[in-house]
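Report on one structure; see the data block that follows.
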Protein chains: 2
Amino acid sequence: MQNLLQYISTRCFVNPELRQRVHHDFEKNEVPAGKILLEYNRVANKLYFVEQGLIHNYYYHDGKEVTSWFYSENQFATAWYSFYTQKSSFEEIRCLEESVLYVISYDKYQKLIADFPSYGNFARLLAEEMLSFLDYFSKSWSFLSAKEKYNLLQEYFPNIEQRVKLGQIASFLGISQETLSRIRSK
Amino acid sequence: MQNLLQYISTRCFVNPELRQRVHHDFEKNEVPAGKILLEYNRVANKLYFVEQGLIHNYYYHDGKEVTSWFYSENQFATAWYSFYTQKSSFEEIRCLEESVLYVISYDKYQKLIADFPSYGNFARLLAEEMLSFLDYFSKSWSFLSAKEKYNLLQEYFPNIEQRVKLGQIASFLGISQETLSRIRSK
DNA sequence: ATTATTTTTTGACCTAGATCAAAAAGCATT
DNA sequence: AATGCTTTTTGATCTAGGTCAAAAAATAAT
């Protein structure tokens with residue numbers, strides 16, 4: 001909880017009442033590895049803050065799992081499209097490791113914003129940050145070779161290879177597992 | 001200005017003072033075709049609402065122009081990464097057609113949010129919408145063949161081919177102009 | 001209308017990475 | 001330590017779309 005409050009308060013002013021409310025509204029959730037947090041075609045009605053562990057967003061293409069992103073310690077995670085629009089999700093979310101999460105429901109999220117303009121401000125900054133990042137990332141990504149993507153991935157997620165399977169990395173890079181294996185063997 | 005106020009008020013409550021303030025802070029700007037609105041490596045300190053015309057976001061890769069997006073009537077446009085982070089932009093913005101824009105500076109945007117919580121709410125919703133869209137779009141896009149991308153583009157921008165050059169479309173699709181030409185000839 | 005310039009199309013060849021199939025390496029479990 | 005079961009690697013081939021160069025078409029300028 002300390003990390004979550006820290007995260008919020010570096011982005012907006014947190015007075016004692018808001019602190020109290022965050023404490024109350026974000027529920028601590030200890031989740032075993034492999035647990036599915038959101039299934040395909042359901043509406044994401046939870047926003048997660050990762051205190052400890054690793055979250056895996058992925059979707060299916062031609063029946064195969066494609067990684068969209070990993071979220072680890074001190075990051076907010078959800079299926080953004082589904083959470084913000086409250087439409088059914090094209091992606092699923094699972095815990096890849098035993099994790100400690102702080103969870104808020106969509107309804108409480110909305111209520112928190114309505115009750116605390118300062119938290120509304122935080123929510124805006126979070127969306128702006130995510131958008132900035134995705135804007136930057138999606139454009140740089142599209143022009144990298146498989147090898148360059150692999151190198152960049154290692155910068156973003158330093159020890160990801162010890163934490164997830166090769167195929168999950170490969171699909172994130174947009175290449176086949178075989179190609180990734182060949183890249184690595186050099 | 002009517003369209004802009006319409007756009008805002010379908011997303012948040014606009015009282016007379018806010019209406020007045022929006023009127024005052026968004027400046028009408030009639031821009032000739034070809035005008036560069038933002039250059040590479042400068043900070044985007046303007047947010048545009050397109051009343052009339054067509055805006056082109058693009059960046060350079062290997063010295064060649066790559067289209068990142070088109071913005072037309074009734075859309076907000078800027079270089080999102082640069083505007084929100086106030087860091088230098090990897091993309092440029094230009095008007096492809098003679099356009100009528102309503103423009104607000106970054107400073108006024110911030111001030112507007114500080115003075116009107118309701119506008120802050122609007123700004124949050126705008127960022128959430130853009131993020132939702134980009135999240136959805138970037139993931140669907142990556143698995144389409146050149147031909148499928150071309151078809152999808154035509155749904156998004158019905159008469160874009162009459163408005164921009166082939167090369168600008170091709171780079172948006174992530175394919176060479178030659179390939180696009182071949183797709184079209186069938 | 002003719003010429004110059006820009007944009008689009010066509011042709012010939014090439015390459016990064018895909019696919020399919022099988023071997024090897026890692027692990028658990030008994 | 002032997003037996004499965006999963007994950008990764010290696011090998012052989014294939015293909016969508018790239019590149020380079022030149023022709024054709026469209027647009028603009030005289």
Side-chain angles (χ1 to χ4, degrees), chain A residues 32-36 54 56 58-68 70 94-98 138-154 157 159-186, chain B residues 32-36 54 56 58-68 70 94-98 138-154 157 159-186:
Chain A
K35 167 89 178 174
I36 303 285
L54 187 61
H56 184 213
Y58 58 96
Y59 55 100
Y60 289 98
H61 180 257
D62 288 350
K64 276 176 298 182
E65 214 179 285
V66 178
T67 297
S68 22
F70 302 108
R94 77 154 70 92
C95 278
L96 284 182
E97 301 173 352
E98 190 179 14
S138 62
K139 275 136 202 174
S140 357
W141 200 243
S142 57
F143 276 96
L144 300 178
S145 68
K147 167 137 217 168
E148 289 168 322
K149 285 182 190 172
Y150 178 68
N151 293 336
L152 188 56
L153 174 79
Q154 290 181 311
F157 303 100
N159 57 349
I160 196 73
E161 286 183 82
Q162 281 73 59
R163 299 176 81 175
V164 313
K165 292 195 286 192
L166 195 67
Q168 293 170 333
I169 294 177
S171 72
F172 175 64
L173 301 178
I175 60 180
S176 70
Q177 175 168 322
E178 293 92 326
T179 298
L180 180 52
S181 175
R182 287 181 178 106
I183 287 172
R184 289 212 306 179
S185 75
K186 276 184 293 174
Chain B
K35 167 88 177 176
I36 303 284
L54 187 62
H56 184 213
Y58 59 96
Y59 55 99
Y60 289 98
H61 180 257
D62 289 349
K64 276 176 298 183
E65 214 178 286
V66 178
T67 296
S68 23
F70 302 108
R94 76 154 72 90
C95 277
L96 283 182
E97 300 173 353
E98 191 178 15
S138 61
K139 276 138 204 175
S140 0
W141 200 241
S142 57
F143 276 96
L144 300 178
S145 68
K147 169 139 215 169
E148 290 169 323
K149 285 183 190 174
Y150 177 67
N151 293 337
L152 187 57
L153 174 79
Q154 290 182 310
F157 303 101
N159 58 350
I160 195 73
E161 287 184 80
Q162 282 74 59
R163 299 174 83 175
V164 315
K165 292 195 287 193
L166 195 68
Q168 292 170 333
I169 294 177
S171 71
F172 174 64
L173 301 179
I175 60 180
S176 71
Q177 173 167 326
E178 292 92 327
T179 297
L180 179 53
S181 175
R182 287 181 179 107
I183 286 172
R184 289 211 306 177
S185 75
K186 276 182 297 173

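So you know, we letter chains A, B, ... as the sequences are listed, proteins then strands, and number each from 1.
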Tell me the interatomic distance from [X], atom [atom1], to [N], atom [atom2], rounded to whole angstroms.
X        : N      : atom1 : atom2 : answer
A:Lys165 : D:dT9  : NZ    : P     : 14 Å
A:Glu148 : C:dG17 : CD    : C1'   : 14 Å
B:His61  : D:dG18 : NE2   : P     : 13 Å
B:Leu166 : C:dT10 : CG    : C1'   : 13 Å
B:Lys149 : D:dA16 : NZ    : P     : 15 Å
B:Tyr150 : D:dG17 : OH    : C1'   : 17 Å
A:Ile183 : D:dT9  : CD1   : C1'   : 14 Å
A:Leu180 : D:dT8  : CG    : C1'   : 10 Å

What I'd like to find out is whether the side chain of [X] reaches to under 4.5 Å of the side chain of [Y], using heavy atoms alone.
X        : Y        : value
B:Val164 : B:Ile169 : yes
B:Lys165 : B:Glu65  : no
A:Trp141 : A:Leu152 : yes

Which nucleotide sits closest to the side chain of [X]: [options]?
X        : options               : value
A:Ile175 : C:dT8, C:dA18, D:dT19 : C:dA18
B:Gln177 : C:dT8, D:dT9, C:dT19  : C:dT8
A:Ser145 : D:dT9, C:dG17, C:dT8  : C:dG17

Sugar-phosphate only, base, or nothing, as touched by A:Ser185 at under 4.0 Å among non-hydrogen atoms: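 Sugar-phosphate only.
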
Sugar-phosphate only, base, or nothing, as touched by B:Arg182 at under 4.0 Å among non-hydrogen atoms: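 Counting heavy atoms under 4.0 Å across all strands, the contact made by B:Arg182 includes a base.
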
Distance test, side-chain N/O of [X] to OP1/OP2 of [N], below 4.0 Å:
X        : N      : value
B:Arg184 : C:dT8  : no
B:Thr179 : D:dG18 : yes
A:Ser176 : C:dT19 : no

Given DNA chain C, 5'-ward residue of the pair A:Glu178 and A:Lys147, judged by closest heavy atom: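 It is A:Lys147 whose nearest nucleotide is closer to the 5' end.
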
A:Glu98, CD atom: more than 12 neighbouring heavy atoms under 6.0 Å: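 No, not enclosed.
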
Aromatic A:Tyr58 / basic A:Arg94 pairing, under 6.0 angstrom, 45° off normal: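 Yes, cation above the ring, under 6.0 Å and within 45°.
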
